[in-house]
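Each remark here refers to the structure printed beneath this line.
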Amino acid sequence: DSVIVNNMSSTFGPTTGASIVVLGKNMGQFDSTPAVSVGTSTCVNTSWVSDSAVNCLVSAGTGSALNTTVTVDARTSILSGAFSFEVPIVTGVLESSIPTTGSYAVILGKNFGMSNGSIEVFVGDTVAASSVWSSDSTISAYVADGTGQNL
């Protein structure tokens, strides 16, 4: 019978990774080393639980409405748009007063991701001239000269 994935224990997780249980049926009567991926990333660790459940440690990442794919003995099922990483949250800015000649601001928060991926920082409606990922909780962004006030 075909593998069927129809639900997950959690559909959201932090950008640092998450532990989820993928639910469905025909996942095997014994541990046949299931493979699970979320988006384009293979789970760091998977373990067979039962014919209807597989544990997955989702890799760190970013993105929303990612497909979850389970493969057991060359049989594959995809649950479309099933998982999203939590959105970035800004909690503060270390340089709140930028000189009119422009400067770097350090942005504090969470869920900025676990690598230097595609980062776009806006100051008001203006995109920062450049931005550099430092960690899941810190980004530096160059704010060009003359970019607004009280943003």
Shortest non-hydrogen contact from [X] to [Y]?
| X | Y | value |
| --- | --- | --- |
| G81 | N67 | N-OD1, 2.9 Å |
| I107 | A141 | CD1-CB, 3.9 Å |
| V38 | F83 | CG1-CD2, 3.6 Å |
| S10 | I20 | O-CG2, 3.9 Å |
| T46 | P34 | OG1-O, 3.0 Å |

Give, for atom [atom1] of [X] and atom [atom2] of [Y], the distance between the pair rounded to the nearest 0.5 Å.
| X | Y | atom1 | atom2 | result |
| --- | --- | --- | --- | --- |
| F12 | F85 | CZ | CZ | 12.0 Å |
| K110 | T138 | NZ | OG1 | 14.0 Å |
| S47 | D31 | OG | CG | 8.0 Å |
| S52 | N7 | OG | CG | 11.5 Å |
| M8 | T68 | CE | OG1 | 4.0 Å |

Query raised in the report: With respect to Y104, which candidate in S140, S130, S131 satisfies the side chain to side chain donor-acceptor pair (under 3.5 Å) definition?
Result: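 Result: among S140, S130, S131, S130 is the only option passing the side chain to side chain donor-acceptor pair (under 3.5 Å) with Y104.
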Looking at [X] and [Y], would you say the former's side chain and the latter's main chain have a donor-acceptor pair under 3.5 Å?
| X | Y | result |
| --- | --- | --- |
| N55 | V21 | no |
| N111 | I89 | no |
| N26 | I4 | no |
| D136 | G113 | yes |
| S137 | L108 | no |
| S59 | T42 | yes |

Query raised in the report: Under a single-linkage definition using a 4.5 Å side-chain heavy-atom cutoff for Ile, Leu, Val, Met, Phe, Trp and Tyr, are W48 and V22 assigned to the same hydrophobic cluster?
Result: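 No; tracing contacts between hydrophobic side chains, which count when under 4.5 Å, never links both residues.
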Query raised in the report: Going only through I, L, V, M, F, W and Y residues with side-chain contacts under 4.5 Å, is there a path from L23 to V54?
Result: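 Not linked; separate clusters.
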**Report entry** Criterion side chain to side chain contact (heavy atoms under 4.5 Å, CB included) on C43 and L57, from CA distance to verdict
**Finding:** CA-CA 5 Å; C43 290; L57 180 56; 5.6 Å; no
Query raised in the report: Between V3 and M27, does a side chain to side chain contact (heavy atoms under 4.5 Å, CB included) hold up when you go through it step by step?
Result: CA-CA 6 Å; V3 174; M27 296 185 189; 4.3 Å; yes
Query raised in the report: Do I119 and F112 pass the side chain to side chain contact (heavy atoms under 4.5 Å, CB included) test, and can you show the C-alpha distance, the side-chain angles, and the key distance before you say yes or no?
Result: CA-CA 9 Å; I119 300 169; F112 295 155; over 6 Å; no
